[in-house]
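Since the structure comes first, as structure tokens, the remarks are kept for the end.
We count ligands from 1, going down the list as the structure has it; atoms in each ligand are counted the same way.
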Amino acid sequence: GSERVFNFAAGPAILPENVLRRAESELYNWRGSGMSVMEMSHRGKEFRSIIEKAESDLRTLLNISSDYAVLFLQGGATTQFAAVPLNLCTPSDAVDFVVTGSWGDKAFKEAVKYCKSNVIWSGKSEKYTKVPSFDGLEQNPDAKYLHICANETIHGVEFKGYPTPRNRAGLLVADMSSNFCSKPVDVNNFGLIYAGAQKNVGPSGVTIVIVRKDLIGNAQEITPVMLDYKIHADNNSLYNTPPCFGIYMCGLVFEDLLAQGGLVEVEKNNIKKGQMLYDAIDQSKGFYRCPVEKSVRSLMNVPFTLEKSELEEEFVKEAAKEKMLQLKGHRSVGGIRASIYNAMPLAGVEKLVAFMKDFQARHG
Ligand code: PMP
């Protein structure tokens with residue numbers, strides 16, 4: 001059919017309808033250039049205007065100061081699991097990790113190869129349902145930085161505030177892949193933020209790194225040129241051929257977020273959607289359950305299980321028939337997961353909640 005669905009996928013994920021329409025209208029002939037963005041030289045003035053506008057709109061959205069470089073890279077957040085320690089550490093430097101889910105765990109395991117990384121807190125024994133209290137965290141004063149995953153996409157655990165890094169350099173590093181641009185963030189509290197684009201801000205293939213400029217330029221000698229922040233910063237993300245079309249799409253999303261009134265407005269919508277869905281779960285008398293501690297429930301990824309777990313498959317199947325797709329939980333945890341990123345309209349969450357009530361009435 002020609003109708004759009006409500007896509008609850010964790011990433012690649014739903015994009016704003018008006019962004020897709022705009023890209024469609026500009027696809028064949030971008031603004032009179034006689035070619036599509038996919039065909040342009042990355043060094044031509046047209047593409048340069050696209051990447052510069054994308055960067056400047058992102059700087060406006062997140063209020064990023066000139067102390068920070070903004071890089072548009074490739075390789076996904078997974079590549080940053082290695083690039084961050086390679087750029088910020090020597091092999092003998094210690095790094096602290098707070099692990100609140102499986103992405104933080106993956107970041108830790110990759111960093112082990114390039115520095116002395118240590119897990120100072122892990123939520124694994126409690127099935128990743130919590131964020132630790134920051135006061136009780138025993139940090140290594142000699143650590144080069146403290147690493148967190150701001151939103152665990154699989155487990156649905158989201159930091160609502162951030163720990164103060166108690167290492168000498170005072171550095172906090174965050175993987176913000178799955179809640180990037182979902183709410184205002186004070187970038188000044190971070191040494192480095194990284195995010196894959198394919199959840200909130202664009203297609204896969206673009207990875208955004210926001211890094212304090214004074215941290216650039218000390219990469220380990222073995223660092224591949226493609227992972228060296230200095231190379232990319234010195235060349236305005238145009239050292240080699242960047243993911244041009246993806247960057248263009250991110251730019252359209254940034255424009256759209258600004259047109260919505262910026263991240264303060266975006267967050268208001270996300271709070272409304274998240275509350276509606278968590279209320280439906282909590283008011284179901286146990287038919288639906290979310291294991292995550294209430295104070296750290298993610299506004300982006302809402303995992304839940306059914307009391308009668310044998311009904312989960314039926315739930316996903318019936319929802320799909322009503323054009324609500326990709327509700328199956330991650331293969332590692334099972335259950336249901338509804339990802340409700342920025343671009344998920346309120347109507348999508350309303351429809352899901354109505355479906356959940358109806359499903360319970362029929363199967364409860
Ligand atoms: N970190 C988080 C929080 C993620 O959600 C993901 C992807 N789901 C990754 C890292 C890995 O991202 P990529 O697939 O872009 O390498």
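Residue Leu172 holds its CG atom at 5.5 Å from CG of Leu146, rounded to the nearest 0.5 Å.
Short contacts between ligand 1 and Lys199, defined as distances under 4.0 Å to a heavy atom of the residue, involve ligand atoms 4 (C), 5 (O), 7 (C), 8 (N). Counting atoms of ligand 1 from 1 in the listed order, those under 4.0 Å from a heavy atom of Phe81 are 10 (C). Within the listing of ligand 1, atoms 3 (C) sit less than 4.0 angstrom from a heavy atom of Asn151. Heavy-atom proximity to Cys149, at under 4.0 Å, picks out these atoms of ligand 1: 3 (C).
Closest to atom 15 (O) of ligand 1, if we only count protein heavy atoms, is Gln198 NE2, 2.9 Å. The protein non-hydrogen atom at the shortest distance from atom 5 (O) of ligand 1 is Thr153 OG1, 2.4 Å. Asp175 OD2, 2.6 Å is the protein heavy atom nearest to atom 1 (N) of ligand 1. Ranking the protein heavy atoms by distance from atom 16 (O) of ligand 1 puts Thr78 OG1, 2.5 Å first.
Backbone and side-chain nitrogen or oxygen atoms of Ala77 are examined, and one is located within less than 3.5 angstrom of a nitrogen or oxygen of ligand 1.
Taking the six-membered ring for Trp, His42 and Phe47 have ring centres at least 6.0 Å apart.
With respect to Lys53 and Glu55, no salt bridge is recorded, no charged nitrogen being found less than 4.0 Å from a carboxylate O. The pair Asp214-Arg212 meets the salt-bridge criterion, since a charged nitrogen lies less than 4.0 angstrom from a carboxylate oxygen. Under a 4.0 Å N-O distance rule, the pair Lys285/Glu307 does not qualify as a salt bridge. Between Glu26 and Arg21, no side-chain nitrogen of the basic residue sits less than 4.0 Å from a carboxylate oxygen of the acidic one, so the salt-bridge criterion is not met.
Residues Phe159 and Val187 share a hydrophobic cluster, clusters being chains of Ile/Leu/Val/Met/Phe/Trp/Tyr side chains in contact below 4.5 Å.
Note on ligand 1: Ser177 sits in its first shell, one or more heavy atoms being nearer than 4.0 Å.
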